[in-house]
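What follows is one structure encoded as structure tokens, with my remarks underneath.
Bear in mind the structure is a predicted one, so any value in this text is a computation, not a measurement.
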Amino acid sequence: MVSAYDEANQLYWPAKYETVLGVCAGEVPRHEWKFVTTKLFRACGYPRELPNNLQLYNLHGHSFAAAHFLASVAVF
């Protein structure tokens, strides 16, 4: 199971469970992810590319990062 993990706001659940992988948003290129700890990963938190500065106003965050991570793992 994969869950969004927001350490800054102390939103850990359900990612704190032993059988759940936590994913948080970070500066990671799309379709890639980074290993942070045994159960924590970092992935891109933006859903799609938008032109110019519009990307800053696009919805983004840990939930999108969890979805990107899970999609990357599913491809393997």
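The two residues Val20 and Val2 have their closest heavy-atom pair at CG1-C, 4.3 Å. The two residues Ala43 and His68 come nearest to each other via the heavy atoms CB-CB, 4.5 Å. Scanning all heavy atoms of the two residues, the minimum distance from Trp33 to Ser72 falls at CD1-CB, 3.8 Å. Taking both residues in full, the closest heavy atoms of Ser3 and Ala66 are given as C-CB, 4.2 Å, listed atom of the first, atom of the second, then distance.
Note: the hydrophobic cluster containing Phe35 does not contain Val28 (ILVMFWY, side chain heavy atoms under 4.5 Å, direct or indirect links).
One finds the NZ atom of Lys39 at 7.5 Å from the CD atom of Glu18 (value rounded to the nearest 0.5 Å). One finds the CZ atom of Phe41 at 4.5 Å from the CZ atom of Phe69 (value rounded to the nearest 0.5 Å). Leu40 contributes atom CG, which lies 13.0 Å from atom NZ of Lys34 (distance to the nearest 0.5 angstrom).
In this structure, His62 contributes its side chain and Cys24 its backbone to no donor-acceptor pair below 3.5 Å.
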